There are 2 protein chains.
Amino acid sequence: MNAGNTAIHAPDLFGLRTPALILDLDVLENNLRVMQERADALGVRLRPHVKTHKCVEIAELQRSRGTSGITVSTLAEARVFAEAGFADILWAFPLNLSRIDEAAALSRRVELGVTVDSLTAVEALEAAGTAFSVWLEIDCGYGRSGVPYDSGRVVEIARQISRAGRLALGGCLTHAGHTYGADSPAAVAALAEEERRAMVEVARALRAAELEPGVLSLGSTPGMSRVETLEGIDEVRPGNYALHDYTQTRLGSCAVGDCAVTVLATVVSAREGVGGAIADCGALALSKDPGPDDPPHYGRLFGSPEGGHLGDDRVTSVSQEHGHLSGRYRVGEKVRVLPNHACLTVAHFDHFEVARGHRVVDRWKIRRIRD
Amino acid sequence: MNAGNTAIHAPDLFGLRTPALILDLDVLENNLRVMQERADALGVRLRPHVKTHKCVEIAELQRSRGTSGITVSTLAEARVFAEAGFADILWAFPLNLSRIDEAAALSRRVELGVTVDSLTAVEALEAAGTAFSVWLEIDCGYGRSGVPYDSGRVVEIARQISRAGRLALGGCLTHAGHTYGADSPAAVAALAEEERRAMVEVARALRAAELEPGVLSLGSTPGMSRVETLEGIDEVRPGNYALHDYTQTRLGSCAVGDCAVTVLATVVSAREGVGGAIADCGALALSKDPGPDDPPHYGRLFGSPEGGHLGDDRVTSVSQEHGHLSGRYRVGEKVRVLPNHACLTVAHFDHFEVARGHRVVDRWKIRRIRD
């Protein structure tokens with residue numbers, strides 16, 4: 001795991017050049033342990049979504065703690081992780097017909113699940129003439145992609161898959177992304193239970209039509225933090241839980257101390273007499289995700305760069321490289337920002353600076369390829 | 001320029017795997033010509049900001065048409081372009097004290113301008129013991145970084161630079177970023193004129209204090225589209241003009257036909273009976289820039305994928321890889337999206353797919369390094 005050590009340019013966190021994406025290894029390890037224990041207690045396999053971290057080292061830590069396969073959002077991610085030795089990969093994004101040839105090539109090397117929610121996609125897979133493990137996406141109420149769980153199209157599409165000689169129904173998956181809009185932990189728990197029941201209903205409908213549903217897969221990080229039973233479900237696919245972020249703290253999924261990534265930035269302009277300060281944590285560090293607060297901001301500052309607790313200050317606006325901080329700071333001062341949305345923040349960096357406390361112990365590559 | 005040709009995997013635009021970032025070469029070339037002619041007519045040098053495209057090939061096209069140096073927003077960008085043969089680089093971001101050693105190393109290889117707006121930064125540069133070309137950032141009213149143009153600190157900081165043996169005042173720069181908030185072309189023109197007058201006032205104050213201001217540099221793409229005179233100014237630094245985007249069309253800086261980059265996406269879920277569709281143009285393709293419209297959206301769809309005119313549909317919401325389209329589409333259908341903010345969209349891709357009309361003629365690397 002220490003192969004990247006030569007790239008460490010400062011043994012102490014506060015000696016790093018900024019902006020830097022700090023990964024707190026103790027916090028990460030705790031998050032991985034907690035979710036694995038939760039999945040074990042609920043009697044389901046854990047297939048983490050690696051779009052959150054896009055990092056082979058983190059996926060290896062997840063695997064070493066007991067996960068079962070991984071989830072990806074793009075074929076580029078799938079290829080990176082396949083090359084790194086992950087052989088059970090679910091591409092949990094509706095099939096992009098412009099990439100069937102690539103999916104076919106990867107399906108010959110690893111166990112790749114491809115996702116569909118239409119007859120059109122099934123027919124395109126049939127026409128490709130390759131064996132595919134096909135997963136049917138279900139909409140449990142989020143309203144993004146997927147076949148509504150109570151629609152007759154669930155059976156219709158599953159039947160089409162089962163009739164195609166080279167296709168096999170690998171499973172049914174859903175994602176209750178509307179847990180992110182819930183206004184209380186109780187509301188999250190209710191949506192997570194609806195997600196479970198929707199999938200149980202899907203399985204019942206398929207079996208009534210003499211179709212085998214395969215793996216029943218669901219999950220979001222907020223839902224996994226609150227769900228009380230996963231009876232009838234086989235696996236879960238949270239992603240954000242490995243890192244957590246400010247949005248998760250507001251949803252009640254975790255505490256501030258469970259957030260594993262922060263952006264270390266340097267104050268570059270103190271705006272004497274004008275108010276606020278500018279640091280090198282703009283839209284290409286934090287992302288423009290406006291987060292859960294009103295008025296919106298782009299991240300919360302820690303009360304001190306050592307971390308531990310949030311202060312009152314926020315990144316109130318961002319341009320490409322400039323982040324505007326509320327509060328008074330000195331030029332050259334280091335600040336640490338808790339991002340609203342870890343997944344998007346990570347996707348703006350090439351590396352995690354991996355730390356235990358203040359000590360930088362490694363540098364891990366973020367595979368943010370868009371190919 | 002055709003060295004990347006081997007990577008072209010489809011000669012026709014609509015055969016490309018998606019999401020793909022399409023660069024219309026005819027439009028780009030026209031944009032470069034128009035701005036160069038405008039700078040020439042206004043009697044100023046053009047030092048384009050390459051943070052917009054992060055692409056050596058585009059910077060080479062700009063140079064071949066008469067630009068004079070480049071502007072960058074990070075040292076990583078500066079290094080990439082220095083290695084590609086650009087020898088006159090202005091780092092137009094307030095000096096990050098954690099990167100002085102890197103700036104010193106690069107200053108020994110190329111003409112690098114570093115930017116300051118505080119005595120603290122000047123003192124840190126003095127202490128580094130290297131020769132630096134130091135540019136003083138002026139706030140002409142935008143209220144981001146920079147010394148207010150009418151503050152006594154302009155002379156104070158310039159004098160500190162001039163007294164330091166190894167430092168030279170390379171110039172004074174400002175950016176009227178508040179042109180992006182203007183509500184009419186007349187308001188843009190008024191702000192651009194204020195920007196010019198602020199810099200003329202800065203030069204007058206410095207000369208009255210027997211200090212030589214060096215190069216007087218300003219500019220934004222909206223301002224450059226409207227400013228009537230740049231008397232007293234030496235150079236301009238617009239960046240977005242090379243590509244333009246939906247925001248610029250709304251500001252009146254350009255027409256839809258002047259926008260050189262679009263995202264080609266594939267509909268992956270048709271949401272039968274629910275309304276709208278999902279395509280592979282989420283936050284990691286378009287960015288989460290909400291753009292200028294109310295209600296906000298993440299991009300406007302062309303009326304047909306061939307381009308030319310905008311239709312009524314929008315990308316109404318984005319998650320990491322999902323873009324939610326208004327309107328009805330078929331699974332597998334290709335759509336073209338005009339992004340709100342070209343700079344942030346470009347920063348999510350590894351390549352431009354370079355096209356003339358529908359023909360893909362090259363693939364240019366986007367140097368989105370964060371190091």
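Lettering of chains follows the sequences in order, A, B, ..., and the numbering in each one begins at 1. From a predicted model like this one, the values you see are computed outputs, not experimental measurements.
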message: Quick check for you: among A:D139, A:V116, A:T115, A:T120, which has the greatest number of heavy-atom pairs under 4.5 Å with chain B?
response: A:T120

task: Output the option from B:H324, B:K288, B:R330 having the highest count of non-hydrogen pairs under 4.5 Å with chain A.
output: B:K288

- request: Under 4.5 Å, counting heavy-atom pairs only, tell me which of B:S287, B:A121, B:G143 racks up the most with chain A.
  value: B:G143

- request: Count the heavy atoms of every other residue, nucleotide or ligand shown that sit under 6.0 Å from OH of A:Y329, and state whether that count exceeds 12.
  value: yes

query: Using non-hydrogen atoms only, which part of A:H322 is less than 4.5 Å away from chain B: side chain, backbone, both, or neither?
result: both

query: Where on A:S73 is there a heavy atom nearer than 4.5 Å to chain B: the side chain, the backbone, both, or neither?
result: both

Rounded distance [0.5 Å steps], NE2 in A:H53 versus CZ in A:F352: 7.5 Å

field: B:T74 OG1 to B:D371 CG distance, which is reported to the nearest 0.5 Å
entry: 9.5 Å

task: Give the member of A:E137, A:H341, A:K334, A:H348 that has the highest number of heavy-atom pairs under 4.5 Å with chain B.
output: A:H348

Chain B contact via A:I369 - which portion, at a heavy-atom distance below 4.5 Å: both

task: Could you tell me whether the side chain of B:T52 and the main chain of B:C343 form a donor-acceptor pair under 3.5 Å?
output: no

- request: Give the member of A:S98, A:A124, A:G282, A:A347 that has the highest number of heavy-atom pairs under 4.5 Å with chain B.
  value: A:S98

Contact origin within A:S317 toward chain B - heavy atom pairs under 4.5 Å: neither

- line: The single option from A:K54, A:K51, A:R370 that satisfies salt bridge (charged side-chain N to carboxylate O under 4.0 Å, His left out) with A:E77 is A:K54

message: Using heavy-atom distances under 4.5 Å, tell me whether A:L284 contacts chain B through its side chain, its backbone, both, or neither.
response: both

Side-chain H-bond candidate by donor/acceptor type, B:S319 with A:R144, under 3.5 Å: yes

- request: Can you tell which part of A:T266 gets under 4.5 Å to a heavy atom of chain B, answering side chain, backbone, both or neither?
  value: side chain

- prompt: Can you tell me if B:N96 and A:D280 form a side-chain donor-acceptor pair at under 3.5 Å?
  reply: yes

Parallel, tilted or perpendicular: rings of A:H175 and A:Y142 (30°, 60°): perpendicular

query: Would you say A:Y180 has more than 12 foreign heavy atoms packed within less than 6.0 Å of its OH?
result: yes

statement: Bottom line for A:R153: the part with an atom under 4.5 Å from chain B's heavy atoms is side chain

- prompt: So what's closer than 4.5 Å to chain A heavy atoms on B:D117: side chain, backbone, both or neither?
  reply: side chain

- prompt: Contact part of A:E102 toward chain B, heavy-atom cut-off under 4.5 Å: side chain, backbone, both or neither?
  reply: side chain

